[in-house]
Amino acid sequence: MTISKIHIENIRGFEKVSLTVNLRPNCTNILVAPNGFGKSSICTAFNCARGSKLNVDEKDKHKKKDTAVSRLSIEYDGNTLHANSNLNEISGEFDIHVIKSNIEPKAKLPKINGFTVAKPYLEIPSLDLGPTFDKEKINFDINKYKLLFANNSKVVPNLSTRCDDELFRSELLNVIASIDKLKQKKSSDLFEEMIETVKGFGGTKASISDKVEAEYAQKVDELPHLKAVFDVVMKHGQGSTWLDSAIICYILMDLSGSDRPNLKKWLQYAVYSRRLQSLKDFIGDINGAWVTAEIKETRGRVLVNFPDASSLSNGQRDLLYFGCNLLRTRETTSTKPCILLIDEVFDYLDDANIVVAQYFMSKLIDAYREEGRQIYICLLTHLDPLYFKGYALKRQQTVYLGDTTQKISETMRKVIAHRDDTCWATDLSRHFLHYHPDDRDISEIFNTRYGLPKKHGKSHGFYEFLKEEWDKCVAGGGSYDPFAVCAYVRVQIEQCTYSRIQTQPEREKFLLECNGTANKLEFADSIGILVPEACLLLGVVYNDALHRKGAIDQSSTIALKLRNLGLQSMMKQAINW
């Protein structure tokens with residue numbers, strides 16, 4: 001089941017936007033968009049939807065329009081879930097967690113020679129991992145239960161020692177609703193009957209257990225709540241008898257009725273203790289510097305206190321904070337599917353830390369899968385996995401955010417995808433995708449072999465097609481081919497450069513011997529032509545587009561770059577220098 005769309009209104013950078021996403025469960029969904037698109041706005045929207053309603057602060061409103069209504073909705077499994085200031089259907093169906101960089105500037109105010117002097121520093125705020133639990137002992141009197149079995153009191157196990165294992169108690173907490181229902185008539189009557197039967201048997205503890213199991217095992221299996229508790233107890237039996245497990249179920253039923261608060265706290269403390277130890281082990285594993293984060297139980301809360309940010313490397317700080325947040329996500333007690341958004345945490349990690357961070361995410365996915373749950377990990381980034389090879393998770397998919405109305409034309413699709421075909425490779429490279437003053441005619445190949453318009457098969461006609469797409473782009477509001485725009489910019493940069501070369505031998509060398517725009521511009525520079533820096537910098541954009549081949553359908557990533565007003569200004573200068 002996928003989350004197919006996200007709709008946001010009046011939150012941060014979005015006045016109104018609908019995003020097609022198709023997010024898959026138990027998979028890392030890498031949401032790619034350039035800086036300035038609004039990735040942090042998406043995270044803010046979901047962060048505001050973690051409660052019973054969409055709680056958007058004035059500072060998080062679009063252009064701080066406090067009177068405008070903020071909304072968030074998602075399409076999930078064919079249904080639309082809404083959140084606004086009055087309701088939140090999303091949090092009713094999903095847990096929501098958001099991880100983002102959380103470093104705040106602070107200032108210490110020491111007095112020097114009687115004057116207060118502000119001393120700035122960076123602080124990572126403490127991470128709240130939830131409430132503490134006091135250690136609880138179970139109120140268990142074994143003699144009370146031995147009396148029930150008369151001369152066979154030897155069969156009664158000691159609950160305190162049998163349930164000393166914290167994992168066992170953690171799993172019992174998961175079935176506490178079934179424990180509560182053991183006092184219903186069918187199961188309570190079965191226990192009474194079983195006790196009377198045991199009292200009448202003789203023999204060893206093991207032989208008595210065998211007889212009782214033969215008579216009552218099927219009856220236990222027929223009662224769903226009893227079977228749920230019995231299976232957990234039996235799983236952690238560690239060599240104990242069938243009767244041991246049955247009697248422990250009876251004792252749990254009795255304690256649930258006589259002192260349920262004590263029973264629940266005893267079970268909860270086991271969960272808490274395991275969680276706390278897991279967190280300590282995790283921090284110990286990834287903390288290699290001379291300074292460390294510390295876990296403190298303060299005023300009823302478990303806090304991870306971080307050192308001064310300046311005493312950690314950026315990578316260690318971000319990885320530590322990221323990992324602790326993942327741990328908090330993993331250990332939620334809810335059984336709902338989870339939406340986890342990670343806002344550009346990976347963009348600033350080095351290669352080694354990115355590998356470790358991905359390992360953390362894979363373990364989180366495994367934990368959810370083992371529990372039969374679903375988690376939708378959404379990693380928001382400006383690093384396209386197509387070119388940035390740091391992402392290597394087994395379960396991942398890339399989702400490109402942004403305007404999908406800009407599509408590659410059939411002409412540019414085939415030119416890029418088949419540019420190495422021998423029938424036209426040389427001509428495309430020299431006369432079509434680079435500037436050449438001669439009008440080269442290969443219209444028959446364009447039309448007969450590839451089904452493209454004959455007018456595009458003449459190089460100067462192809463340049464006219466590129467200019468038409470450029471004009472649509474700069475006019476704004478219409479649909480255009482972003483790949484054609486990039487080709488136009490490259491051709492025009494080369495034409496401007498060519499027009500400034502004074503001698504014919506140098507012009508021929510520029511056209512025939514210099515392969516690639518970078519080499520052509522470098523040659524021009526070597527003969528004294530001052531090529532604007534923008535022409536070189538734009539190579540990152542036009543080379544990205546014209547060498548994609550396997551990803552030519554991802555027009556949105558190119559189109560989003562072209563929407564950048566600063567980039568548009570650079571392109572306008574570069575094609576007319």
Side-chain angles (χ1 to χ4, degrees), residues 136-271 274 335 371-372:
E136 191 81 13
K137 290 185 177 180
I138 190 69
N139 294 330
F140 170 70
D141 180 4
I142 192 170
N143 292 320
K144 169 185 174 182
Y145 300 99
K146 285 187 172 184
L147 289 173
L148 295 174
F149 289 88
N151 293 333
N152 277 333
S153 61
K154 61 190 174 186
V155 300
V156 179
N158 189 324
L159 183 72
S160 300
T161 56
R162 272 292 311 275
C163 297
D164 188 52
D165 180 74
E166 290 181 340
L167 176 59
F168 181 16
R169 280 154 49 203
S170 297
E171 293 189 15
L172 284 177
L173 183 64
N174 292 335
V175 294
I176 194 167
S178 293
I179 293 174
D180 291 338
K181 292 178 181 178
L182 294 181
K183 55 176 141 324
Q184 293 176 352
K185 182 172 176 56
K186 285 186 178 181
S187 49
S188 62
D189 286 351
L190 183 63
F191 281 129
E192 295 298 330
E193 181 184 336
M194 196 183 305
I195 291 171
E196 290 302 316
T197 300
V198 171
K199 287 164 64 175
F201 283 140
T204 65
K205 182 176 179 180
S207 65
I208 293 173
S209 176
D210 291 341
K211 295 174 186 176
V212 176
E213 180 180 2
E215 186 171 346
Y216 289 99
Q218 185 174 344
K219 294 179 180 180
V220 169
D221 288 345
E222 291 172 351
L223 299 175
H225 300 302
L226 178 53
K227 185 176 187 323
V229 181
F230 184 88
D231 285 348
V232 173
V233 177
M234 197 70 179
K235 173 183 173 183
H236 294 274
Q238 299 174 342
S240 298
T241 66
W242 186 93
L243 183 56
D244 280 334
S245 297
I247 295 174
I248 285 176
C249 291
Y250 171 77
I251 294 171
L252 290 171
M253 176 199 73
D254 185 61
L255 292 174
S256 171
S258 63
D259 196 356
R260 188 180 187 279
N262 170 253
L263 174 65
K264 186 174 182 181
K265 287 179 182 179
W266 182 60
L267 300 178
Q268 284 177 328
Y269 183 78
V271 175
R274 293 185 70 245
T335 58
E371 294 170 7

Inter-residue atom distance [X].[atom1] - [Y].[atom2], 0.5 Å rounding:
X      : Y      : atom1 : atom2 : result
Phe149 : Met194 : CZ    : CE    : 8.5 Å
Leu267 : Glu136 : CG    : CD    : 10.5 Å
Leu223 : Asp189 : CG    : CG    : 10.0 Å
Lys235 : Ser245 : NZ    : OG    : 13.0 Å
Met234 : Ile248 : CE    : CD1   : 10.5 Å
Trp242 : Ile247 : CH2   : CD1   : 9.5 Å

Does [X], at its [atom1] atom, have more than 12 non-hydrogen atoms belonging to other residues, nucleotides or ligands within less than 6.0 Å?
X      : atom1 : answer
Lys211 : NZ    : yes
Lys185 : NZ    : no
Lys264 : NZ    : no

Please verify the inter-ring angle class for Tyr145 with Phe140; under 30° counts as parallel, over 60° as perpendicular, anything in between as tilted. parallel
Please verify the inter-ring angle class for Tyr250 with Phe191; under 30° counts as parallel, over 60° as perpendicular, anything in between as tilted. perpendicular
Stepwise, does the salt bridge (charged side-chain N to carboxylate O under 4.0 Å, His left out) test hold for Lys199 with Glu196? CA-CA 5 Å; Lys199 287 164 64 175; Glu196 290 302 316; 3.4 Å; yes
Where do Ser187 and Lys181 come nearest, in terms of heavy atoms and distance? OG-O, 3.7 Å
Under a 3.5 Å distance rule, please check whether Ser209 uses its side chain to pair with a backbone N or O of Leu243 as donor and acceptor. yes
Judged by atom type as modelled, is there a donor-acceptor pair below 3.5 Å linking the side chain of Arg169 to the main-chain atoms of Trp266? yes
Could you walk me through whether Thr241 and Asp244 satisfy the side chain to side chain donor-acceptor pair (under 3.5 Å) test, starting with their C-alpha distance in whole Å, then the side-chain angles of each, then the deciding distance to 0.1 Å, before giving a yes or no? CA-CA 5 Å; Thr241 66; Asp244 280 334; 3.2 Å; yes
Do His225 and Gln184 have a side chain donor and acceptor closer than 3.5 Å? no
Are Lys227 and Asp231 close enough for a salt bridge, meaning some N to O gap below 4.0 Å? yes
